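This one's a predicted model, so the numbers in the text were calculated from it and none came from an experiment. All values below were derived from every heavy atom in this structure, side-chain atoms included, with hydrogens, water molecules and symmetry-related copies excluded.
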Amino acid sequence: MQAVLYVAHGTRVRQGIEEALLFIDRVKPHISIEIQELAFLELAGPDILQGIEHCVKRGATKIAVVPILLLAAQHAKEDIPKLLVQASEQFPQMTLTVAQPFGIHPKLIETLYKRILEQQLELVPEAEVLLVGRGSSDPDVARDMAMIAQQLEQTYSFHRVSTCFLYGATPSFEEVVAQLKQRPLKQLFIVPYLLFSGLLRNGIQKKIETLDTSHVILCDSLGYDDNVEQVLIERVHEVIR
C-alpha cells in the first residue's frame with residue numbers, strides 16, 4: 001500500500017508547526033492516497049523515522065517521502081538520504097522514494113510578485129526587490145536564488161532584483177543592509193524567501209529599521225499560499241509516478 005510522508009523543516013515556534021499542519025491538511029484531499037503523514041527534520045516531532053514507522057503501522061509497503069523544502073541543500077542532499085538508509089535497515093521490506101524540493105518554479109515566482117502587489121503601492125520604474133533566503137553553505141542554493149531573482153526581474157520588469165541570505169551564504173543580509181545605507185533608493189521591496197516567517201522575519205524587520213522606511217517595504221514571506229500548495233501536489237504526483 002502506498003503512503004506519502006511529508007517532511008517539513010521544523011521550528012520551536014508553535015505557530016510554525018501549526019502552519020505546516022494546516023498546509024498539509026489542505027493538500028491531503030488532492031492526493032488520492034489513504035496514508036498521508038507529516039514529519040519534521042528537526043526541532044519538532046515526529047521525526048522522519050517516527051513518521052515512517054507511523055506509515056508502516058497503518059499498512060504502508062511503499063512510502064513516497066516528500067520534502068517541504070524550497071531549495072535543494074544539505075537537508076535534501078544529505079540529511080534525508082542518511083535517515084532513509086537507516087529506515088531501509090529498520091524496514092527492509094519497505095520501498096522508499098524521495099521527491100525533489102520545490103526548486104525554481106514559475107508558480108513561486110508568481111507568489112513573490114503577489115507579495116509585492118499586496119502592499120498596494122504603485123510600482124515606480126526604479127523599483128527594486130531584495131529576496132532574503134535562509135541560506136546554506138551549499139553553493140547550489142546561491143545559484144538557484146540568483147536564477148529566481150533573474151526570473152522575477154525579467155518576468156515583471158523590475159529595475160533590479162538581488163538576493164542575500166540570513167546565514168551560511170553571501171552576501172549576508174547585514175552586508176546588504178549596510179550597502180543600502182550608502183546609496184539612494186526610490187523603492188525597495190524586501191521579500192523573505194521563507195515558508196514560515198516567525199522569528200526570522202522579525203529579525204529582518206529589526207535590521208531594516210535603520211533604513212529609510214519610506215522607501216523600504218518589508219513584504220510577507222513566501223508562505224504557504226495556493227501556488228505553493230500546487231507545487232507540493234505536483235512533486236507528490238511526480239514521485240508516485
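Distance check: Thr61 OG1 to Ile35 CD1 gives 8.0 Å after rounding to the nearest 0.5 Å. Separation of atoms CE (Met94) and SG (Cys55) is listed at 7.5 Å; rounding is to 0.5 Å. Between Ile33 atom CD1 and His237 atom NE2 the span is 7.5 Å, to the nearest 0.5 Å. Remark: Thr111 OG1 to Asp226 CG distance equals 8.5 Å, nearest 0.5 Å. Distance check: Leu121 CG to Ile116 CD1 gives 11.0 Å after rounding to the nearest 0.5 Å. Put simply, CZ on Phe165 and OG on Ser136 are 9.0 Å apart, with the number rounded to the nearest 0.5 Å.
Nearest heavy atoms, Val141 versus Ala72: CG2-O, 3.9 Å. For the residue pair Tyr193 and Gly103, the shortest heavy atom distance occurs at OH-O, 4.3 Å. Across Ala39 and Asp47, no two heavy atoms sit closer than the pair CB-O, 3.4 Å. Summarising the geometry of Asp25 relative to Pro29, their closest heavy-atom pair is O-CD, 3.2 Å, with the distance given to 0.1 Å. The shortest non-hydrogen separation linking Ile240 to Ala64 is CG1-CB, 4.4 Å. Contact between Glu110 and Tyr156 at its shortest, heavy atoms only, is CA-OH, 3.6 Å.
The salt bridge (Lys or Arg N to Asp or Glu O under 4.0 Å) test applied to Asp79 returns no partner, not counting sequence neighbours.
Connection of Val124 to Leu218 is not established within any shared hydrophobic cluster, with ILVMFWY side chains joined at heavy-atom distances below 4.5 Å, either directly or through further cluster members. Hydrophobic clustering (ILVMFWY, side-chain heavy atoms < 4.5 Å, transitive): Met145 and Leu69 are in distinct clusters. Under the 4.5 Å side-chain heavy-atom criterion for grouping Ile, Leu, Val, Met, Phe, Trp and Tyr, Leu41 is not connected to Leu21 through any hydrophobic cluster. Val4 and Val65 sit in two unconnected hydrophobic clusters of ILVMFWY residues. Membership requires side-chain heavy atoms under 4.5 Å apart, directly or through other members. In the hydrophobic clustering of ILVMFWY residues, with side-chain heavy atoms under 4.5 Å counting as a link, Ile233 and Leu70 come out together.
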Next on the checklist: Please evaluate residues Lys77 and Asp138 with respect to the criterion side-chain contact (heavy atoms from CB on, under 4.5 Å), reporting the C-alpha separation (whole Å), side-chain torsions for both, the decisive distance (0.1 Å), and the verdict.
Outcome noted: CA-CA 10 Å; Lys77 294 179 180 180; Asp138 189 321; 2.8 Å; yes
Next on the checklist: Using side-chain contact (heavy atoms from CB on, under 4.5 Å), reason through Gln230 and Asn227 one step at a time and then give a plain yes or no.
Outcome noted: CA-CA 5 Å; Gln230 290 176 39; Asn227 282 335; 4.2 Å; yes
Checklist entry - Are Thr95 and Ile63 close enough, and set up right, to give a side-chain contact (heavy atoms from CB on, under 4.5 Å), and what steps lead you there? => result CA-CA 6 Å; Thr95 301; Ile63 301 175; over 6 Å; no
Next on the checklist: side-chain contact (heavy atoms from CB on, under 4.5 Å) for Glu126 and Gln187? Distances and angles first, verdict last.
Outcome noted: CA-CA 7 Å; Glu126 301 87 356; Gln187 192 178 53; over 6 Å; no
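Tested against Tyr6 for a side-chain hydrogen bond (donor to acceptor under 3.5 Å, both in side chains), the candidates Glu37, Lys28, Gln36 yield a single pass: Gln36. Exactly one residue among Ile48, Val98, Val66, Ile68 makes a side chain to side chain contact (heavy atoms under 4.5 Å, CB included) with Val7. That residue is Ile48.
A salt bridge does not link Glu153 with Arg160: none of the charged nitrogens is closer than 4.0 Å to a carboxylate oxygen. Under 4.0 Å is where a charged nitrogen must lie from a carboxylate oxygen, and between Glu234 and Lys107 no such pair does. By the 4.0 Å N-to-carboxylate-O rule, Arg115 lies close enough to Glu118 to be salt-bridged with it.
Around CD of Glu34, the count of heavy atoms belonging to other residues, nucleotides or ligands within 6.0 Å does not exceed 12. In the displayed structure, Gln100 atom CD is contacted under 6.0 Å by at most 12 heavy atoms of other residues, nucleotides or ligands. More than 12 heavy atoms of other residues, nucleotides or ligands sit less than 6.0 Å from atom CD of Gln93.
Using a 4.5 Å heavy-atom threshold, the side chains of Leu71 and Pro101 count as separate. Within the 4.5 Å cutoff, side-chain heavy atoms of Leu180 are placed close to those of Leu188. The side-chain heavy atoms of His105 and Ile109, taken from C-beta on, include no pair separated by under 4.5 Å. Residues Val228 and Phe102 have side chains in contact (heavy-atom distance under 4.5 Å, counting atoms from C-beta outward). The shortest distance between side-chain heavy atoms of Phe158 and Tyr113 falls below 4.5 Å. Counting heavy atoms from C-beta outward, Leu130 and Phe173 have side chains that approach closer than 4.5 Å. Contact annotation: the side chain of Gln15 approaches that of Phe196 to within less than 4.5 Å [non-hydrogen atoms, C-beta and beyond]. By the 4.5 Å heavy-atom criterion applied to side chains, Phe40 and Ile17 are counted as neighbours.
Screening residues 178-195 for salt bridge (charged side-chain N to carboxylate O under 4.0 Å, His left out), with sequence neighbours left out, gives Glu128-Arg183. Legend: salt bridge (charged side-chain N to carboxylate O under 4.0 Å, His left out) pairs involving residues 213-225, not counting sequence neighbours, sorted by first then second residue: Lys114-Asp225, Arg201-Asp220.
Distance alone, capped at 3.5 Å, is enough to place a donor-acceptor pair between the Glu175 side chain and the Ser172 backbone.
Side-chain contact, Tyr224 with Glu19: no donor N or O sits under 3.5 Å from an acceptor N or O.
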